[in-house]
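In this chain, residues are counted from 1 in sequence order. Here the structure is a predicted model, which is why all the values come from computation and not from measurement. Scope of the values below: all heavy atoms of this structure, side chains included, with no hydrogens, waters or symmetry mates.
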Amino acid sequence: ARLMGKTRRWKGVHPTRASGTTAVRQLRDSWERRMVDRAERAAVQAAQHEMNEQIRNYKQGLRERRLAKEKKKEENKLKGQQYQVITNTSKLKKMNKKQLRLIRKMDTTAANTIKPTA
């Protein structure tokens, strides 16, 4: 009976129950909070889509400029080339493979322009 009044100083006294002190978060957010989150997410996705579209357009422009530059370079190269017209086609049959690889079929009938024919 004598031990009943003994206290443990290190433990301290809690005025409330443990179940009353812990705040339990709700399982689901409120409807308003969910709507705000959805609106924020939609805004971020729209901004991301806009940025992707800008990048795509920029790269498309670069690609078109590069292709136009390559085409112009090839045309200028053809314009400056020397060529010899082969009228006697029997010469072609006498040529070996290496010589045939150097031959290109071109359209020389156009006015002062030489264009490769496919």
Could you give the distance from NZ (Lys91) to CD1 (Ile103), rounded to the nearest 0.5 Å?
10.0 Å

Main chain of Gly61, side chain of Glu64: is a donor-acceptor contact present, judged purely on distance under 3.5 Å?
no

Tell me whether Glu70 is salt-bridged to Lys73, with the criterion being a basic N under 4.0 Å from an acidic carboxylate O.
no

Do Met106 and Leu78 come within less than 4.5 Å of each other through their side chains, counting heavy atoms only?
yes

Does any part of the side chain of Gln48, heavy atoms only, come nearer than 4.5 Å to the side chain of Gln45, both counted from C-beta?
no

Value rounded to 0.5 Å, distance of CH2 in Trp31 from CZ in Arg38:
5.5 Å

Atom CZ in Arg104, atom CD in Gln81: separation rounded to 0.5 Å?
5.5 Å

Glu75 versus Lys79: any side-chain heavy-atom pair under 4.5 Å?
no

For the pair Arg33 and Asp37, find out whether any cationic side-chain nitrogen is under 4.0 Å from an anionic carboxylate oxygen.
yes

As a quick check of understanding, evaluate side chain to side chain contact (heavy atoms under 4.5 Å, CB included) for Lys59 and Ile55, giving each step before the final call.
CA-CA 6 Å; Lys59 286 186 176 182; Ile55 291 168; 4.0 Å; yes

Check: Leu62 and Arg66 side chains under 4.5 Å, non-hydrogen atoms:
no

Is there a side chain to side chain contact (heavy atoms under 4.5 Å, CB included) between Met35 and Glu32? Walk through the geometry before answering.
CA-CA 5 Å; Met35 287 295 111; Glu32 291 80 18; 5.7 Å; no

Heavy atoms, side chains only, cut-off 4.5 Å: are Met95 and Leu92 in contact?
yes

Looking at NZ of Lys72 and CG of Leu67, how far apart are the two atoms once the value is rounded to the nearest 0.5 Å?
15.0 Å

